[in-house]
2 protein chains.
Amino acid sequence: MSAQLARPHILDPHGALDPCATCEARPVSVCNAIADTDLGRLAAIAVVTETEPGQCFIDEGEPANSFFNITAGTAKLFKLLPDGRRQITGFVGAGHFLGLAVSDTYAFSAEAIERVRFCRFQRSKLRMLLDDFPLMEKRLLEVAANELVAAQEQMLLLGRKTARERLASFLLLQSRQGMPCGHSRRRFSLPMTRSDIADYLGLTIETVSRTLTKLRSEGLIDVVSQAEIIVRNPSGLEGLAGGLC
Amino acid sequence: MSAQLARPHILDPHGALDPCATCEARPVSVCNAIADTDLGRLAAIAVVTETEPGQCFIDEGEPANSFFNITAGTAKLFKLLPDGRRQITGFVGAGHFLGLAVSDTYAFSAEAIERVRFCRFQRSKLRMLLDDFPLMEKRLLEVAANELVAAQEQMLLLGRKTARERLASFLLLQSRQGMPCGHSRRRFSLPMTRSDIADYLGLTIETVSRTLTKLRSEGLIDVVSQAEIIVRNPSGLEGLAGGLC
DNA sequence: GCGATTCGTTGACCTGGATCAATGCGCGGC
DNA sequence: GCCGCGCATTGATCCAGGTCAACGAATCGC
């Protein structure tokens, strides 16, 4: 079972890159480089797991024993302050890698938003894995570099943008989610709650709600249902978001 | 000349890791793996350059032709909004790599704070470089993973911490700058201006100034001169900073 | 069908940090 | 020595977004 599962998930050149953050990324096909005989060995040390929405599968501060590759669903990554304030550092979907960092404890928590499926590897075997599959290492480096760019963009948002600008940036990001480079959807749905959006944008749920209402009243977007958005004026939103992403 | 220059900078296992963000990082010695004969080849494609303080050596949006390895001095990395608002995403010193991302334009600007020296490589040769020196790739991956952790910490700061907490976190980070894991200095100097600190912490210079004054009046720190800080009460500061870093 | 619960919206009010403005303080040039 | 300039500090005021509170609107268990 595992070999069939492993190929499309770990090795799919499309899954692992966030197309929004990496418009110029040229996905490297890792697929072709791994022989089928090796796939068995790879699969032998991977454990495929599924989680229910709301379930935490990585806990900040716990020993970082595993390395994850998400294969389906969406999860949120977050950090907490002692008093419970939360910052969501990202939403991750199929193809993302978690637990890369050289540290013996996890630096963040991860919780499933939708039902999430992932491959889990023992971190102690990661070194070996990378030595055996050098193209996987190249892949990880690309992914990490692109996440770094996205993180810098998010710091700009959190440090310097107004609530309006944050929501505009966020909606554009979501409209490009899972789309090929340079493309976006006019209509899309948000898998996360207002509270998640607020904690991602460094705002409160009230401000998120009010700002969405305002953007709608100005004709920039439509909020069809709680989770369903239509972008009515993409260039207007882009002007608000400031710059590219 | 270049071989002698290249060895300590590109290959020094200590320089490239930010000790604060990566307390648990076990630096991998890349040194030992590269033969001296190879060093010549490596040096042949590197250009060593120096910049004056205030000089911009990377411009956001420009074609990303080069890949940099800082070998001395401190620089600030930042992103700008169209109206001039600025977010400094990090201060980088000796050992840091810049221009890793898979993108054909730079995602941020870099400006020297102190006199900065760096090695510059053509990005078009990066692939070749990494193929020839696989350990360098491992190294880059480690560095990138650790920067990602630091970036998440900074997102928590920007999204959820108060001005007081931001300053406390910042001062602790600076007190650990360049120190081995788990160590810090009581007394240290800040190479950057208040304006840089403000743009790094998502505040204004006035708030930075006022908050430092407040922390001093409470006996947590001493501001000996503009650029010189003494931490009087480390655990008090840590309590404020919330959590580890 | 109907409480109970959770999530989202809206309004009234408050406050932390921004903004605006004045002043202090090195430091380099001459 | 003194002027000019850039950086830092301090005070007064303002406002974007937070907080508190009330109220809809889906969803679920029974």
Side-chain angles (χ1 to χ4, degrees), chain A residues 52-54 76 81 83-88 111 113-114 157-171 189-218 221-229 240 242, chain B residues 52-54 76 81 83-88 111 113-114 157-171 189-218 221-229 240 242:
Chain A
E52 293 304 308
K76 55 192 176 200
L81 285 171
D83 64 1
R85 278 173 289 170
R86 183 177 69 155
Q87 178 65 38
I88 292 183
E111 183 183 317
I113 288 179
E114 303 161 322
L157 181 149
L158 292 170
R160 290 299 179 216
K161 288 186 183 176
T162 65
R164 250 172 109 63
E165 293 166 341
R166 292 181 200 205
L167 260 299
S169 304
F170 174 72
L171 292 174
S189 63
L190 304 170
M192 69 291 287
T193 66
R194 295 288 185 270
S195 172
D196 289 340
I197 298 173
D199 284 349
Y200 180 59
L201 298 178
L203 300 170
T204 59
I205 47 173
E206 292 94 332
T207 299
V208 169
S209 186
R210 272 188 260 270
T211 306
L212 283 178
T213 303
K214 193 101 182 296
L215 292 176
R216 190 186 51 197
S217 78
E218 294 165 355
I221 61 168
D222 238 342
V223 184
V224 183
S225 76
Q226 269 184 25
E228 199 81 5
I229 301 282
L240 258 182
Chain B
E52 294 303 308
K76 55 193 177 199
L81 286 171
D83 64 1
R85 278 173 288 170
R86 183 178 70 156
Q87 179 65 38
I88 292 183
E111 182 184 318
I113 289 179
E114 304 160 321
L157 180 147
L158 292 170
R160 290 301 180 213
K161 288 186 183 176
T162 65
R164 251 172 108 62
E165 293 166 341
R166 292 180 200 206
L167 261 300
S169 303
F170 174 72
L171 291 174
S189 62
L190 304 172
M192 68 291 286
T193 67
R194 296 287 185 272
S195 171
D196 289 339
I197 299 173
D199 284 348
Y200 180 58
L201 298 178
L203 300 170
T204 59
I205 48 173
E206 292 95 331
T207 299
V208 169
S209 186
R210 272 189 258 272
T211 307
L212 284 178
T213 304
K214 193 102 183 295
L215 293 176
R216 191 186 51 197
S217 78
E218 296 166 354
I221 61 169
D222 237 344
V223 184
V224 184
S225 75
Q226 269 184 23
E228 199 78 8
I229 301 281
L240 259 183

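First the proteins, then the strands, lettered A, B, ... as listed; each starts at 1. In this text the structure is predicted, and so the values were computed from the model without any measurement.
For A:Thr162, the side chain to side chain donor-acceptor pair (under 3.5 Å) criterion is met by A:Glu165, not counting sequence neighbours. For A:Arg210, the side chain to side chain donor-acceptor pair (under 3.5 Å) criterion is met by no residue, not counting sequence neighbours. For A:Thr211, there are no side chain to side chain donor-acceptor pair (under 3.5 Å) partners two or more places apart in sequence or in a different chain. Scanning for side chain to side chain donor-acceptor pair (under 3.5 Å) contacts around A:Arg160 gives B:Asp199, with sequence neighbours left out. A:Leu212 pairs by the side-chain contact (heavy atoms from CB on, under 4.5 Å) definition with A:Leu167, A:Leu171, A:Arg194, A:Val208, A:Ile221, not counting sequence neighbours. Partners of B:Arg164 according to the salt bridge (charged side-chain N to carboxylate O under 4.0 Å, His left out) rule, which considers only residues two or more places apart in sequence or in another chain, are B:Glu218.
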Strictly under 3.5 Å: I want the nitrogen or oxygen pairs between protein and nucleotides 19-21 of chain C, one per line.
from: C:dT19; atom 1: O4; to: B:Arg210; atom 2: NH2; distance (Å): 2.7
from: C:dC20; atom 1: N4; to: B:Glu206; atom 2: OE2; distance (Å): 3.0

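Atom CZ of A:Arg160 is separated from atom P of D:dA16 by 16 Å (rounded to the nearest Å).
In this structure, A:Thr213 reaches the C:dT10 phosphate: one of its side-chain N or O atoms is under 4.0 Å from OP1 or OP2.
A heavy atom lying under 4.0 Å from DNA chain D marks none of the residues of residues 192-201 of chain A.
End-to-end axis angle of the helix from C:dG1-D:dC30 to C:dC30-D:dG1, using five pairs per end and rounding to 10°, comes to 40°.
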Return a single string for nucleotides 23-29 of chain C, one symbol per nucleotide in 5' to 3' order, where B is base contact, S is sugar-phosphate-only contact and - is none, cutoff 4.0 angstrom on heavy atoms. -------
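Without hydrogens or angle criteria, B:Gln87 side chain to B:Tyr200 main chain gives a donor-acceptor distance under 3.5 Å.
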